[in-house]
Amino acid sequence: MNRDDLPEPDFPAALVLDIAGTALDDNDRRRLSHPLVGGLILFARNWRDRRQLTELTAEIKALRPDVLVCVDHEGGRVQRFRTDGFTHLPPMAAFGELWMQDAMAATDAATAAGYILAAELRACGVDFSFTPVLDLDHGASGVIGDRAFHRDARVASLLAKSLVHGLLRAGMASCGKHFPGHGFVTADSHVDVPVDKRSLKAILADDARPYGWLATSLDSVMPAHVIYPKVDAQPAGFSRRWLQDILRGRLGFTGAIFSDDLSMEGAKVAGSTLDGALAALDAGCDLVLLCNQSPVDGGQAIDELIDGLMQARDDGRWQPEPMSEPRRLALLPQTEPLPWDELMHQPAYLQAVARLP
């Protein structure tokens, strides 16, 4: 779809939500039709097989051609679709291990993984995956662990850039996460509020380096629900200092910024879900995620957030950033994907599969 064919909204589509099952229900259709909704994130519960997934994404696009259909599909233990032909991608640490043996082979393998990941998802109608992980493997974080490429920021950056190259070859945008770095803390922000007590100088010299080096390569970034008290009392995703002054100002990033999931424990320091959404948007996020709420109480939390954001806009408590919508639309694929059966016989795809570690 050409971006020029998309209607100009009255305000940016700032919310990424989820759905409960393997097909849309009336509540899903109603929410997806709301102009505040700009994306939909899929989980393993939304998957039965490739045919079902393709039919689901086709219905989503028929309802809202401009909605960004997303998934967390990194490889290793974070891969939502694993059966019915999907390649089992290795964890990113496997590319770091290969780097120690043959650096150039590792970069080529990472590009192969990015191409496979994106081409398979796009063949089923999925637009975008929240990848690559740029966190460094300090050895202490269980939630990051082998999701990280390497301990060395230089190695992680080059392997991530190689994976981004593979994504782009298949027409998919990228998302570096979790800015400025989640790998140093032991706590898991899904269930806790991690605190990283290092100085800004120490963080910028190590964990945040990939974001500066890849500022012109990444299409989007997701900040961490981690508090860095020597920089700001709020987690990075709710901090204007981190997002505006440092990520955009000092490091020069110009793409889209997603909040991490507002239902995570690490986000609750901001208050209610609406408070968190408003804080994230005010800090500089272009889009906020609210995940795993559609199966709970009929998705009441989603409806409350939509209504709350609308009221906040009407009351003047939220002033949308004019560039947010162009940044979101820039994440939509601009090429037609290869159909699955054609992809399976494409020489470039077969060569990529052979290059995986």
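Residues Leu136 and Val133 fall into different hydrophobic clusters, defined by Ile, Leu, Val, Met, Phe, Trp and Tyr side chains chained together at heavy-atom separations under 4.5 Å. Clustering ILVMFWY residues whenever any of their side-chain heavy atoms sit less than 4.5 angstrom apart, transitively, puts Met100 in the very cluster that holds Leu163.
Evaluated for a side chain to side chain contact (heavy atoms under 4.5 Å, CB included) with Met172, the options Leu167, Asp219, Thr335 yield exactly one hit, Leu167.
Listed by first and then second residue, the salt bridge (Lys or Arg N to Asp or Glu O under 4.0 Å) pairs involving residues 290-308 are Arg30-Asp303, Arg31-Asp303 (not counting sequence neighbours). Under the salt bridge (Lys or Arg N to Asp or Glu O under 4.0 Å) criterion, the residue pairs touching residues 347-357 are Asp108-Arg355, with sequence neighbours excluded. Applying the salt bridge (Lys or Arg N to Asp or Glu O under 4.0 Å) definition to pairs two or more places apart or across chains, those involving residues 110-131 are Lys61-Asp127. Pairs passing the salt bridge (Lys or Arg N to Asp or Glu O under 4.0 Å) check and including a residue from residues 150-170, sequence neighbours excluded, read Arg151-Asp206, Asp152-Arg154.
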**OP:** Output, in order, the C-alpha distance, side-chain angles, deciding distance and verdict of side-chain hydrogen bond (donor to acceptor under 3.5 Å, both in side chains) for Asp135 and His178.
**Re:** CA-CA 6 Å; Asp135 301 314; His178 305 82; 2.7 Å; yes
**OP:** Could you walk me through whether Asp232 and Arg240 pass the salt bridge (charged side-chain N to carboxylate O under 4.0 Å, His left out) test, one step at a time?
**Re:** CA-CA 9 Å; Asp232 197 316; Arg240 289 185 68 83; over 6 Å; no
**OP:** Carefully, step by step, assess His138 and Asp207 under the rule side-chain hydrogen bond (donor to acceptor under 3.5 Å, both in side chains).
**Re:** CA-CA 10 Å; His138 288 270; Asp207 294 59; 3.0 Å; yes
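To the nearest 0.5 Å, atoms CZ (Phe179) and CG (Leu247) are separated by 4.5 Å. Distance check, rounded to the nearest 0.5 Å: OG of Ser259 to NE2 of His225 gives 6.0 Å. For the atom pair NE2 of His150 and CG of Leu98, the computed distance is 11.0 Å after rounding to the nearest 0.5 Å. With rounding to the nearest 0.5 Å, the separation of CG in Leu24 from CD in Glu59 is 4.0 Å.
What you find for Ala280 and Val288 is that their closest heavy atoms are CB-CG1, 3.8 Å. Ser33 and Leu63 get closest at one heavy-atom pair: OG-CD1, 3.7 Å. Considering every non-hydrogen atom in both Ala110 and Ser162, the closest pair reads CB-CB, 3.8 Å. Heavy atoms only, all atoms of each residue included: Asp18 and Pro295 are closest at OD2-CD, 4.2 Å. Between Leu305 and Ala277 the shortest heavy-atom distance is CD1-CB, 3.7 Å.
For the residue pair Thr22 / Asn46, no side-chain donor-acceptor distance below 3.5 Å is found, with atom types taken as modelled. In the model, Trp47 has a side-chain atom that pairs as donor or acceptor with a side-chain atom of Thr83 under 3.5 Å. Donor-acceptor pairing under 3.5 Å is recorded for the side chains of Arg45 and Asn292.
For Phe258 and Phe128, the ring centers are positioned less than 6.0 Å apart. In this structure, Phe86 has its ring center closer than 6.0 angstrom to the ring center of His73.
Taking the centre and axis of the six-membered ring of Tyr228, the NZ or CZ atom of Arg198 falls outside the cone set by 45° and 6.0 Å.
Surrounding CG of Asp314 are more than 12 heavy atoms belonging to other residues, nucleotides or ligands, all under 6.0 Å away. Within a 6.0 Å sphere centred on CG of Asp341, heavy atoms belonging to other residues, nucleotides or ligands number 12 at most.
Checked for salt-bridge contact, Glu55 and Arg50 miss the test: no charged N lies under 4.0 Å from a carboxylate O. The existence of a salt bridge linking Arg147 and Asp72 is excluded, since no basic side-chain nitrogen approaches an acidic carboxylate oxygen closer than 4.0 Å.
Note: Phe95 and Phe149 have tilted aromatic rings, judged against thresholds of 30 and 60 degrees for the angle between ring planes.
With contacts defined as side-chain heavy-atom distances shorter than 4.5 Å, the pair Cys291/Leu289 qualifies. In this structure, Leu309 and Leu278 have side chains that are in contact, with non-hydrogen atoms separated by less than 4.5 Å.
Evaluation of the ring-ring contact (aromatic ring centres under 6.0 Å, His included) rule for Phe253 yields no partner, not counting sequence neighbours. Every residue two or more places apart in sequence or in another chain that forms a side-chain contact (heavy atoms from CB on, under 4.5 Å) with Ser324 is listed here: Pro12, Asp286, Glu321, Arg327.
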